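Let me begin by presenting the structure, written as structure tokens, before commenting on it.
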Amino acid sequence: MTTYPKVNETKDLIKQLVSIPSPSGKTGKVIQFVEDYLKKIHVETKRNRKGGLIATLPGENNQEHRMLTAHVDTLGAMVKEVKPNGRLRLDLIGGFRYNSIEGEYCEIHTTSGKIFTGTILMHQTSVHVYKDAGDAKRDQVNMEVRIDARVENAEDIRALGIEVGDFVSFDPRVELTDNGFIKSRHLDDKASVAILLQLMKRLKEEKVALPYTTHFLISNNEEIGYGGNSNITPETIEYLAVDMGAMGDGQSTDEYTVSICVKDASGPYHYELRKNLVELAVENKLGYKLDIYPYYGSDASAAIRAGHDIVHGLIGPGIDSSHAFERTHEESLLNTEKLLYHYVQSSMVSI
């Protein structure tokens, strides 16, 4: 009888991952966490020059490889300007909107290693002072960081060691509900990172003989477009991005199934690989949805654009309110994890 890891382990791992600040460009701490996790389960890893992590599980066929990837970098910001009023202007990291971070708690990470807390607010927040508090545009000009320190001007801020270029991370506000939901920022893509870590752990514990040498790239620049477009071995034939399924009007994806992407903004994904994933889901009675993500690109599409001659695909758990206050359900995590378990043991697609 086939058994699966307890989903609570996956959820606990997600909670640990999202609690480690890692906006694109500052991912060293979370990469170290993943590296330490894999070392404990005796999985071989190496760092690439971009700061990502590559884990490898040997397979019976070492002439044809697979690669799976998920990313640990998240949305975030940098200090754009130290303002004369004692607050900070931001420049965003990643594709999201200012309205999604209004009122959010944040941390400012200085180059000296000190961390200051703050809140991201409209300059015109007080309804008792500003007539247009509700109507003013949520943008770089109007939004700023209120630092939790006694600062009244730019000189006071700089005296703390805060300067242009310091990274700003957002409070994930992670919560696990009693009925199986996971609410948090940065489920994109730390939910899938946790799934891949659980998958590798299970394969090691069960001493599964993989048919092909399989690499797992934990990338760290996906949110800015180039996390997984290098370090792909010449032997790699299939390259599967494990990211998130986007939900919204006109979408099939939900929070309870694994989402298999057929097309995103980069174009269609490989038809035969998609068919194989669907057949595996049907054969193993897994909940799945096929979907098109209209404003989306993945590490797999980045690899294709970089010129790699690969068969590319994209799957992931369904995530509500992507790039904002995200949520998914443990059923989606399980369906994704199960599909990956069967996928890495399946035959390659015919080319």
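In this text, all values refer to a predicted model and were calculated from it rather than measured experimentally.
- Considering all non-hydrogen atoms of both residues, S184 and V174 come closest at OG-CB, 3.6 Å.
- Put simply, the side chain of S126 gets close to the backbone of H128: a donor and an acceptor are under 3.5 Å apart.
- Across all non-hydrogen atoms, the minimal contact from Y37 to L197 is CE2-CB, 3.6 Å.
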| request: For the pair H312 and Y269, evaluate ring pair (Phe, Tyr, Trp, His ring centres under 6.0 Å) and give the outcome as yes or no after the intermediate values. | output: CA-CA 6 Å; H312 73 314; Y269 282 80; 4.6 Å; yes
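- The closest side-chain heavy-atom distance from E238 to V349 is below 4.5 Å.
- A cation-pi geometry, defined here as NZ or CZ lying under 6.0 Å from the six-membered ring centre and within 45° of its normal, does not hold between R173 and Y105.
- At a cut-off of 3.5 Å, with distance as the only test, no side-chain donor of T213 or E235 sits close to an acceptor on the other residue.
- By the criterion of side-chain heavy atoms lying less than 4.5 angstrom apart, applied directly or through intervening Ile, Leu, Val, Met, Phe, Trp or Tyr residues, V258 is grouped together with L196 in one hydrophobic cluster.
- With hydrogens and angles disregarded, a donor-acceptor distance shorter than 3.5 Å links the side chain of N220 to the backbone of K50.
- Within a 6.0 Å radius of NZ in K83, more than 12 heavy atoms belonging to other residues, nucleotides or ligands are found.
- In this structure, N335 contributes its side chain and G287 its backbone to a donor-acceptor pair below 3.5 Å.
- In this structure, K263 places its NZ atom where more than 12 heavy-atom neighbours from other residues, nucleotides or ligands lie under 6.0 Å away.
- Looking only at atom types and distance, the side chain of N61 has a donor-acceptor partner in the side chain of E64 under 3.5 Å away.
- In the model, N276 has no side-chain atom that pairs as donor or acceptor with a side-chain atom of E272 under 3.5 Å.
- Judged by distance alone, with hydrogens and angles left aside, the side-chain atoms of D291 form a donor-acceptor pair with the main-chain N or O of T253 at under 3.5 Å.
- A side-chain donor-acceptor contact under 3.5 Å links Q251 to the backbone of A246.
- In terms of modelled atom types and a separation under 3.5 Å, the side chain of D132 and the main chain of D135 share no donor-acceptor contact.
- Here R202 pairs with E206 in a salt bridge; the nearest charged N to carboxylate O distance falls below 4.0 Å.
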| request: Assess whether side chain to side chain donor-acceptor pair (under 3.5 Å) is satisfied between E163 and T111, documenting all intermediate values. | output: CA-CA 8 Å; E163 190 49 89; T111 55; over 6 Å; no
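- To the nearest 0.5 Å, atoms CD1 (I54) and OG1 (T233) are separated by 9.0 Å.
- There is a path of hydrophobic side-chain contacts, each under 4.5 Å, that joins L273 to V278.
- Remark: I120 CD1 to T125 OG1 distance equals 11.5 Å, nearest 0.5 Å.
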| task | Could you give me the CA-CA distance, side-chain angles and deciding distance for Y212 and M348, then say whether side chain to side chain contact (heavy atoms under 4.5 Å, CB included) is met? | result | CA-CA 9 Å; Y212 310 97; M348 291 263 193; 3.2 Å; yes
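- Hydrophobic clustering of Ile, Leu, Val, Met, Phe, Trp and Tyr side chains at less than 4.5 Å, counting indirect connections, unites L160 with L88.
- Q16 is listed as a side-chain neighbour of F33, based on a closest heavy-atom distance under 4.5 Å.
- A pairwise comparison of heavy atoms in D171 and R185 identifies O-CD, 3.6 Å as the closest pair.
- D156 places a side-chain N or O within 3.5 Å of a backbone atom of E152 that can act as its donor or acceptor partner.
- Between the side chain of Y130 and the main chain of A136, no donor-acceptor pair closer than 3.5 Å is present.
- The distance from the OG atom of S298 to the CD1 atom of I315 is 11.5 Å, given to the nearest 0.5 Å.
- Residues D299 and Y226 have side chains that never bring a donor and an acceptor to within less than 3.5 angstrom of each other.
- Counting heavy atoms from C-beta outward, D320 and D254 have side chains that stay 4.5 Å or more apart.
- The closest side-chain donor-acceptor pair between D189 and H186, if any, does not fall under 3.5 angstrom.
- How far CD1 of I195 is from CE of M200: 12.0 Å, rounded to the nearest 0.5 Å.
- A donor-acceptor pair under 3.5 Å is formed between the side chain of S19 and the backbone N or O of K15.
- Linking Ile, Leu, Val, Met, Phe, Trp and Tyr residues whenever their side-chain heavy atoms come within less than 4.5 Å leaves L75 and I20 in two separate clusters.
- Contact of the K190 side chain with the T74 side chain is registered, since non-hydrogen atoms from C-beta on lie closer than 4.5 Å.
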Please tabulate, for side-chain N and O atoms in residues 92-102, each donor-acceptor pair with protein atoms closer than 3.5 Å (sequence neighbours left out).
| unit_1 | atom_1 | unit_2 | atom_2 | d |
| --- | --- | --- | --- | --- |
| Y98 | OH | L90 | O | 3.1 |
| S100 | OG | R97 | O | 2.7 |
| E102 | OE1 | R138 | NE | 2.9 |
| E102 | OE2 | R138 | NH2 | 3.1 |

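- Looking at R47 and L53, their side chains come closer than 4.5 Å, going by heavy atoms from C-beta outward.
- Counting heavy-atom neighbours within 6.0 Å of D309 CG, excluding the residue itself, gives a total of 12 or less.
- Between E255 and F181, the closest side-chain pair of non-hydrogen atoms falls below 4.5 Å.
- Residues S347 and R66 approach most closely at O-NH2, 3.3 Å, considering heavy atoms.
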| task | Determine, step by step, whether V30 and L17 satisfy the side chain to side chain contact (heavy atoms under 4.5 Å, CB included) criterion, reporting the C-alpha distance in whole Å, the side-chain angles of both residues, the deciding distance to 0.1 Å, and the verdict. | result | CA-CA 7 Å; V30 72; L17 286 165; 4.0 Å; yes
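- The minimum heavy-atom distance between G86 and I147, with the atom names listed, is O-CD1, 4.2 Å.
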| task | Decide side chain to side chain donor-acceptor pair (under 3.5 Å) for T117 and E107; before the verdict, give the C-alpha distance in whole Å, the side-chain angles of both, and the deciding distance to 0.1 Å. | result | CA-CA 4 Å; T117 61; E107 291 184 341; over 6 Å; no
| Can you list the steps and then say if K204 with V43 is a side chain to side chain contact (heavy atoms under 4.5 Å, CB included)? | CA-CA 8 Å; K204 292 288 288 187; V43 172; 3.9 Å; yes
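- Contact annotation: the side chain of D73 never approaches that of S22 to less than 4.5 Å [non-hydrogen atoms, C-beta and beyond].
- Annotation for K183: atom NZ does not count as buried by contact number, only 12 or fewer foreign heavy atoms lying within 6.0 Å.
- For F167 and H109, the ring centers are positioned 6.0 Å apart or more.
- Separation of atoms CD1 (I14) and CD (Q198) is listed at 9.0 Å; rounding is to 0.5 Å.
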| Trace of the ring pair (Phe, Tyr, Trp, His ring centres under 6.0 Å) decision for Y256 with H329 | CA-CA 6 Å; Y256 313 102; H329 192 271; 5.2 Å; yes
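- A side-chain donor-acceptor contact under 3.5 Å links Y296 to the backbone of M244.
- Taking CG of L176 as the reference point, atom CD1 of I182 lies at 6.5 Å (rounded to 0.5 Å).
- Between I218 and T69 there is no side-chain heavy-atom pair separated by less than 4.5 Å.
- Residues H342 and N284 have side chains that bring a donor and an acceptor to within less than 3.5 angstrom of each other.
- Taking both residues in full, the closest heavy atoms of L277 and L339 are given as O-CD1, 3.5 Å, listed atom of the first, atom of the second, then distance.
- Judged purely by distance below 3.5 Å, without hydrogens or angles, the side chains of H215 and N231 never pair a donor atom with an acceptor atom.
- Under the ring pair (Phe, Tyr, Trp, His ring centres under 6.0 Å) criterion, H323 pairs with no residue, sequence neighbours left out.
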